[in-house]
Number of protein chains: 2
Amino acid sequence: MNHSPQTKPDYERELRRAGVRITRPRRVILDILAATEDHPDAMEIFQRASSIDKSISLSTVYRTMKLLEGMGAIHRHAFEGGPARFEQASGDHHDHLIDLDTGDVIEFHSNRIEELQDEIARELGYEIVHHRLELYGRRRKAGNRK
Amino acid sequence: MNHSPQTKPDYERELRRAGVRITRPRRVILDILAATEDHPDAMEIFQRASSIDKSISLSTVYRTMKLLEGMGAIHRHAFEGGPARFEQASGDHHDHLIDLDTGDVIEFHSNRIEELQDEIARELGYEIVHHRLELYGRRRKAGNRK
DNA sequence: CGCTAGTTGCAAACGATTTGCAATTGCATT
DNA sequence: AATGCAATTGCAAATCGTTTGCAACTAGCG
């Protein structure tokens with residue numbers, strides 16, 4: 001059994017170490033997250049979970065997401081409009097470009113931008129705890145020169 | 001009668017031109033917005049409005065904000081956690097630094113960052129429609145050198 | 001295998017925002 | 001100034017995403 005492109009962390013181990021019980025619902029949700037490449041919202045996770053175990057409730061999905069978020073295992077994003085979307089925290093830091101037409105989320109990173117952010121905060125007398133950079137755009141059509 | 005630091009636009013004129021009726025509730029809300037320097041949420045605007053005219057309803061505040069947003073007269077911000085906060089669109093573009101301890105919002109702008117954003121989007125084959133850059137931080141204490 | 005605290009599903013509660021509807025009111029027209 | 005009608009309002013109820021109280025259930029230590 002091999003693993004996916006991005007680092008797939010052993011959540012169960014992490015959870016156990018944190019003194020959290022590994023229940024059946026949690027195992028199912030964890031598996032789903034580990035196998036996920038996109039940024040699903042709670043309802044999507046709930047549906048994927050339901051197809052594996054009909055008895056899992058939406059509340060449990062929410063509770064588990066909150067738990068994992070608290071542990072730093074996942075990140076919660078509140079993109080414009082829609083419900084919160086989640087992603088594994090395992091990879092390295094990145095920001096998001098959201099396709100306004102499809103809702104697709106593309107990850108990107110810019111050290112330069114981060115540096116500038118720090119610089120700006122410092123000048124204002126602040127220390128950045130975290131930030132949020134989201135670009136909302138549309139695919140450039142072939143004809144769109146200029 | 002003179003005007004405040006930032007450009008205070010003549011909303012009534014703008015609205016009339018857009019074929020929108022100037023009602024009493026709207027006039028009150030418009031005055032509040034014109035006199036506002038911060039980033040109030042709907043409830044705050046509602047309260048300020050109520051103190052002028054008890055009959056104004058929260059629904060009307062929401063409806064008016066949506067109307068103004070649609071006209072591009074105000075911007076709606078969904079900062080972490082809390083309810084949407086509004087600000088006049090009159091000034092020039094800027095991003096926000098939110099003080100995690102006080103909730104204060106500080107405006108800043110960086111051409112360099114905007115350029116980098118465009119560049120990144122272009123490389124990914126996208127055209128930015130709008131973006132959202134929020135820094136969440138804490139005041140640096142005097143002793144916090146480095 | 002039994003015990004107990006941690007977890008669950010359910011339904012109800014929540015906060016922010018939107019909406020249906022009947023009553024009201026701008027305002028263009030006489 | 002009086003008329004007419006569509007735009008707008010206040011209210012209450014509805015909506016959406018998310019959280020919570022509670023009694024039943026269960027992981028996993030001993």
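So you know, we letter chains A, B, ... as the sequences are listed, proteins then strands, and number each from 1.
- Distances shown here put a side-chain N or O of Y62(A) below 4.0 Å from the OP1 or OP2 atom of dT18(D).
- Between H77(B) and F79(B), the ring-plane angle classifies as parallel under the 30° and 60° cut-offs.
- Using a 4.0 Å cut-off, no side-chain N or O of R24(A) falls inside it from OP1 or OP2 of dT7(C).
- Between the NZ atom of K54(A) and the C1' atom of dG9(C) there is a distance of 15 Å, rounded to whole Å.
- The base of dA5(C) is paired with the side chain of R21(A) by a donor and an acceptor separated by under 3.5 Å.
- Within the 4.5 Å cutoff, side-chain heavy atoms of I52(A) are placed close to those of I32(A).
- Across all strands, R16(B) comes closer than 4.0 Å only to sugar-phosphate atoms, never to a base (heavy-atom distances).
- Y126(A) is listed as a side-chain neighbour of R139(B), based on a closest heavy-atom distance under 4.5 Å.
- For an aromatic pair to be called close, the ring centres must be under 6.0 Å apart, and H93(A) with H131(A) satisfies this.
- At the heavy-atom level, S59(A) lies under 4.0 Å from base atoms of the strands shown.
- The distance between atom CG of L58(B) and atom C1' of dT8(D), rounded to the nearest whole Å, is 16 Å.
- The residue among G82(B) and S57(A) whose nearest nucleotide of DNA chain C is located toward the 5' end is S57(A).
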Evaluate the criterion side-chain hydrogen bond (donor to acceptor under 3.5 Å, both in side chains) for residue pair N111(A) and H109(A); output intermediate values, then yes/no.
CA-CA 7 Å; N111(A) 276 315; H109(A) 175 77; 3.1 Å; yes

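- In this structure, L67(B) places its CG atom 11 Å from C1' of dT8(D), rounding to the nearest Å.
- Listed pair K66(A) / dT18(D) fails the phosphate criterion, with no side-chain N or O lying under 4.0 Å from OP1 or OP2.
- The nearest whole Å value for the distance from the CD1 atom in I56(A) to the P atom in dT7(C) is 15 Å.
- Rounding to whole angstrom units, CD of residue Q47(B) and P of dA16(C) are separated by 11 Å.
- Residue R63(B) is classed as a base contact, given a heavy-atom separation below 4.0 Å to a base.
- For the pair T23(A) and G81(B), nearest-nucleotide mapping onto DNA chain C gives the more 5' position to T23(A).
- Among the protein residues, R85(A) comes within range of no part of the nucleic acid, since none of its heavy atoms lies under 4.0 Å from any strand.
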